[in-house]
2 protein chains.
Amino acid sequence: MSTSFRPHRSGDLHFLKRLNRSAILELIRRSPGLTRADIATHAQLTKATVGTGVQSLLKQGWLREGELQKSSGGRPGRALHLDEQHFAILGAEVGVHGLRLVACTLSGQVLASHHERLSPSSPEMTAELLANLLQTLTQSPALEGYCLLGIGVALPGPVAPKDAVLRMAPNLGWKDVRFLDLLRHHLPQQDGAWLMDNEAKSAAFGEFYFRTGQVPDSLVYVSAGTGIGSGMIEGNQPLLSRGFQGLAGEIGHTVLQPGGLYCHCGNRGCAETLVSGWSIRAALGISEEEGLIEALQPRMHEESVQLTLRRAGEALGILLLNLHHTQNPSELVLGGSLVQLGAPLLDPALSYFAAHQNRLLGTTQQTPLRVIEDSTFVAARGAAAQVLASVIHGPSDLI
Amino acid sequence: MSTSFRPHRSGDLHFLKRLNRSAILELIRRSPGLTRADIATHAQLTKATVGTGVQSLLKQGWLREGELQKSSGGRPGRALHLDEQHFAILGAEVGVHGLRLVACTLSGQVLASHHERLSPSSPEMTAELLANLLQTLTQSPALEGYCLLGIGVALPGPVAPKDAVLRMAPNLGWKDVRFLDLLRHHLPQQDGAWLMDNEAKSAAFGEFYFRTGQVPDSLVYVSAGTGIGSGMIEGNQPLLSRGFQGLAGEIGHTVLQPGGLYCHCGNRGCAETLVSGWSIRAALGISEEEGLIEALQPRMHEESVQLTLRRAGEALGILLLNLHHTQNPSELVLGGSLVQLGAPLLDPALSYFAAHQNRLLGTTQQTPLRVIEDSTFVAARGAAAQVLASVIHGPSDLI
DNA sequence: GCCACTTAGTAAATAGATAAAACTAAGAGG
DNA sequence: CCTCTTAGTTTTATCTATTTACTAAGTGGC
């Protein structure tokens with residue numbers, strides 16, 4: 001159960017100042033080119049408050065002034081943009097088949113990236129390798145002159161909400177790993193904000209946070225790879241929920257087929273027994289050593305492959321529908337390596353979801369579902385987004 | 001899809017004052033008897049700020065001073081409590097088989113209640129009847145001298161998140177009903193805060209908000225009645241998510257049995273086809289007119305009844321497990337009329353959940369699950385709790 | 001009983017934030 | 001060139017929390 005004594009938010013004048021500065025920064029982040037006057041309108045602050053806030057954000061290197069706007073019968077305003085040349089954030093994903101690293105700007109633009117294929121190894125060795133790769137990345141010429149805000153790490157398993165422990169990673173064979181501590185041991189000089197989260201949650205956050213213009217009210221990211229995970233973001237909140245034990249979003253272990261096949265977790269009929277990298281491998285006799293996509297490419301015409309993928313796709317469709325009826329996000333995003341299997345898997349999933357989602361309400365309004373073809377760096381970039389948000393909204397002295 | 005332009009929170013000095021006042025009030029609400037000094041410690045405010053805040057809350061009728069605390073070598077502090085004699089809140093639930101009304105104090109203590117059995121009728125007639133019953137309730141002697149903060153209404157169906165529309169209530173035969181507007185038409189003189197929500201969400205909120213002492217980090221309430229719904233509250237937030245179309249928590253329509261029985265929503269294999277008041281009636285040939293519990297009581301020994309309830313219970317267990325793997329609350333609460341069916345339904349559910357919940361993490365930590373035997377007024381009281389929270393944290397001038 | 005010590009709570013002065021009002025800047029349009 | 005409009009800054013005012021000093025009210029040692 002739990003239940004620390006967590007009072008409601010209170011604050012002093014400094015807190016208020018920070019709140020308003022971050023609101024200004026978020027507005028410009030979402031809508032580059034806003035003027036001070038626009039911000040005053042949208043944030044419900046006075047011109048004076050916005051003026052001083054913007055001034056300090058300019059000085060601190062968060063913003064830069066842009067061109068004059070077109071006038072419509074008055075003094076033209078000056079556009080404000082994020083300063084893309086001052087701060088950068090590091091993000092990394094520890095995946096079952098390799099490490100992915102990115103460095104990106106405040107807007108999420110990738111300055112440098114690296115993808116290192118490797119087989120699962122111990123937490124310690126993985127942390128050491130990742131530390132070295134991060135060290136190399138920070139020295140890349142693209143990062144010259146940037147000030148690093150921190151490091152975010154996405155991991156393939158549930159992460160406990162408070163104490164930064166990876167509870168387990170079945171496909172890596174890890175259990176109760178304090179990965180950040182291991183990493184920090186090899187990167188002692190790197191300061192700033194450090195955090196880690198489940199990869200689907202990092203990905204969800206990044207897909208939400210780095211979007212500009214129209215932003216959905218809520219978004220669920222479904223990560224379909226060796227396992228199936230999900231993350232939800234809602235209400236423009238800078239943090240996203242991990243659940244009590246870090247199990248929030250573990251939709252791969254929701255039961256879809258009572259009495260069905262045994263899952264590696266010991267339960268029967270988990271969604272992952274129907275749709276996941278490992279269950280497809282098991283069904284089609286593909287070893288861990290082979291790449292799933294590469295192994296299946298030449299066998300796509302086989303009937304057993306088509307049938308397996310169709311069944312997996314239907315299960316994925318059910319998962320999407322169940323998310324619709326539990327979280328009901330205003331947008332769904334589907335990523336992960338299984339997406340590369342293409343139509344044989346995705347068509348049944350998408351058509352099941354499209355056909356069933358409106359039955360209950362009897363409407364025709366479809367929840368938009370976006371499929372990310374290449375999600376290689378999505379989780380790593382999302383982890384960087386989480387770091388950025390924690391700096392902007394947390395107790396940092398950089399803002 | 002959606003996506004209004006929703007900026008991050010900003011605020012002025014008045015907002016800050018309100019924020020601190022509500023933090024103080026929430027602390028005392030959760031831990032009656034705290035002194036000003038305790039509050040200063042917990043809320044991280046100075047003694048002076050707490051002092052002036054408490055003073056104004058005393059004057060406005062939110063708080064009252066209590067006894068002196070025991071001294072431990074210094075001036076004893078004075079205990080602060082909610083003023084239980086000044087404000088009251090009305091809550092109502094429109095159920096399939098009747099109306100439930102409560103009036104409660106700031107701590108959730110029920111001052112007066114009423115349960116009116118009736119069969120489904122039109123929204124207009126129901127609203128008129130409820131208005132009359134509320135009117136009567138407000139004139140009950142127990143409410144003498146109380147100042148009413150507002151009215152909350154819980155409804156048996158998805159409520160759209162923004163525009164206060166009951167999207168549908170399958171078991172009432174309603175669709176797109178602006179119930180508050182109908183109700184207000186018959187209660188024009190009643191002012192204060194008005195709101196409505198889905199009954200499971202109201203119940204979830206009330207079970208969380210009116211608890212004192214140790215409070216769970218998150219809580220999911222599962223309402224098992226004619227249909228199955230759920231609501232989740234998390235992170236001490238004063239509001240709870242309805243999802244984009246109001247479908248969040250509609251776990252009764254998650255698919256548990258692909259290709260299973262047809263549900264009234266038109267899909268197949270929804271959880272409600274396995275466990276719900278209507279599916280149990282259908283399976284055992286019990287008409288809408290009879291009370292389900294009353295009809296089953298004498299038939300409990302029949303094998304078909306036992307089998308039906310066992311199967312329903314297993315499905316309920318799967319639902320609980322799936323919630324565990326999607327939301328992962330730190331506490332589960334099970335309520336609704338089906339609870340009255342007792343062990344034949346509950347035992348399979350609870351034992352399934354207990355046996356399967358720890359498989360993934362391999363721990364022995366059990367998520368506490370509380371079964372509410374009599375949840376008659378839980379949703380109505382929860383709706384009142386929502387009103388109270390909206391007054392405390394909203395833009396009211398009462399605080 | 002006296003006195004040092006401790007903690008609770010209040011009062012007055014101070015600091016720091018946003019707001020309000022006045023002002024300057026800069027363009028459109030007649 | 002003048003008026004009107006909008007953007008942004010400066011100055012002043014207001015408001016809130018903090019700081020500091022103080023009063024209140026206990027404990028415990030002597």
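Note on naming: letters A, B, ... go to the chains in the order of the sequence lines (proteins, then strands), and numbering restarts at 1 for each one.
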Between B:Thr35 and B:Gln69: side-chain donor-acceptor atoms closer than 3.5 Å: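 Absent: no donor and acceptor within the cut-off.
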First encountered from the 5' end of DNA chain D, between A:Asp12 and A:Pro76: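 It is A:Pro76, whose closest nucleotide lies nearer the 5' terminus.
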Polar side-chain atom of B:Arg381 near backbone of B:Gly108 as donor-acceptor pair, under 3.5 Å: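 Checking the backbone N and O of B:Gly108 against the side chain of B:Arg381, a donor-acceptor pair under 3.5 Å is found.
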Residue met sooner reading DNA chain C from 5', once A:Ala48 and B:Ala48 are mapped to nucleotides: B:Ala48
Residue closer to the 5' end of DNA chain C, B:Asp38 versus A:Arg21 (nearest nucleotide):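 The residue whose closest nucleotide sits nearer the 5' end is B:Asp38.
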Over 12 foreign heavy atoms within 6.0 Å of CD, B:Gln60: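 Counting neighbours around CD of B:Gln60, more than 12 heavy atoms of other residues, nucleotides or ligands fall under 6.0 Å, so yes.
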Can you tell me if [X] touches the phosphate of [N], counting only side-chain N or O atoms and a distance under 4.0 Å to OP1 or OP2?
X       : N      : value
A:Ser72 : C:dA28 : no
B:Lys47 : C:dG9  : no
B:Thr49 : D:dT18 : yes
B:Asn20 : D:dA17 : yes
B:Arg36 : C:dT10 : yes
B:Thr46 : D:dT19 : no

B:Ile24 side chain near B:Trp62 side chain, heavy-atom distance below 4.5 Å: no
Base D:dA25 to side chain B:Arg75, donor-acceptor N/O within 3.5 Å cut-off: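 Result: no qualifying N/O pair found.
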Sugar-phosphate only, base, or nothing, as touched by A:Thr35 at under 4.0 Å among non-hydrogen atoms: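 Sugar-phosphate only.
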